[in-house]
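Structure, as structure tokens:
Computed over heavy atoms, backbone and side chain alike; hydrogens, waters and symmetry mates excluded.
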Amino acid sequence: MADDTYTVRTFDNTLVSIASSALKEHLPSAVGQPGGFDVVWPEGYAAELLFTTVVADCLHRRGFCLVRSRLPAELLDDIRSEALARRDDFDMLRAELATAWLGHGSDCKVLHLSAANEADATKSSLEL
């Protein structure tokens with residue numbers, strides 16, 4: 001029955017048709033479990049609201065969120081290496097600029113997250 005199948009994009013970007021009886025909803029895995037993640041990077045505007053809600057909830061509860069990407073592992077490794085190489089290009093917002101940036105009397109909150117130590121910053125989130 002054609003109505004009983006769904007086309008699904010796998011994490012390696014393969015499209016497959018699967019019977020609805022073989023599908024199950026993703027439930028976040030235990031933190032640190034191989035292959036576990038909290039949310040998948042959204043593929044369109046409609047999915048962004050749910051994505052941002054899940055990320056905000058994870059950050060609020062645990063202080064981090066593990067996001068799954070559909071980019072190839074080699075590209076992700078290159079991106080990670082480049083980001084680590086550029087760590088000195090970024091800095092915290094200086095206190096004297098906060099009012100100018102956020103506005104006077106703003107009810108916005110800013111939280112600066114940092115790695116527990118420099119060794120942890122080079123680890124995969126699953127290794128922490």
Side-chain angles (χ1 to χ4, degrees):
M1 179 184 293
D3 293 335
D4 199 35
T5 62
Y6 290 87
T7 300
V8 176
R9 182 185 309 271
T10 65
F11 289 119
D12 63 357
N13 278 322
T14 303
L15 292 175
V16 294
S17 291
I18 300 177
S20 62
S21 60
L23 294 174
K24 66 179 183 177
E25 184 177 355
H26 163 73
L27 298 174
S29 303
V31 175
Q33 189 176 43
F37 57 92
D38 296 302
V39 65
V40 178
W41 189 266
E43 287 195 3
Y45 181 75
E48 289 178 9
L49 179 60
L50 177 60
F51 174 78
T52 56
T53 301
V54 172
V55 170
D57 181 60
C58 286
L59 292 174
H60 176 74
R61 284 185 294 110
R62 297 192 316 241
F64 69 94
C65 183
L66 189 55
V67 179
R68 173 68 192 235
S69 172
R70 286 190 170 88
L71 294 174
E74 302 80 29
L75 181 56
L76 291 173
D77 288 340
D78 291 345
I79 291 169
R80 182 173 178 265
S81 297
E82 184 175 338
L84 289 173
R86 293 183 173 202
R87 285 176 53 127
D88 295 334
D89 288 352
F90 302 94
D91 203 357
M92 299 288 189
L93 180 64
R94 294 190 319 230
E96 60 268 22
L97 298 177
T99 299
W101 184 260
L102 299 173
H104 183 69
S106 172
D107 61 355
C108 295
K109 304 289 185 221
V110 176
L111 174 66
H112 300 285
L113 301 173
S114 61
N117 60 50
E118 192 66 23
D120 286 344
T122 61
K123 291 182 180 178
S124 161
S125 297
L126 291 175
E127 296 174 307
L128 294 176

Distance-minimising heavy-atom pair for Arg9 and Glu43: CD-OE2, 3.2 Å
Linked, directly or transitively: Leu59 and Trp41 (ILVMFWY side chains, under 4.5 Å): yes
For the student: nearest non-hydrogen atoms of Val55 and Val67, plus distance: CG2-CG2, 4.5 Å
Nearest-0.5 Å distance, NE2 of residue His60 to CZ of residue Arg62: 12.5 Å
Residue pair Leu23 / Ile18: nearest heavy atoms and the distance that separates them: CD2-CG2, 3.8 Å
Side-chain heavy-atom pair Phe37, Leu66 within 4.5 angstrom cut-off: yes
Residues in salt bridge (charged side-chain N to carboxylate O under 4.0 Å, His left out) contact with Asp57, at least two apart in sequence or another chain: Arg61
With sequence neighbours excluded, residues passing salt bridge (charged side-chain N to carboxylate O under 4.0 Å, His left out) with Glu48: none
Ser21: partners by side-chain contact (heavy atoms from CB on, under 4.5 Å), with sequence neighbours left out: Ala19
Close side-chain approach of Leu76 and Ser69, heavy atoms under 4.5 Å: yes
same_hphob_cluster(Val16, Tyr6) at 4.5 Å side-chain heavy-atom cutoff: yes
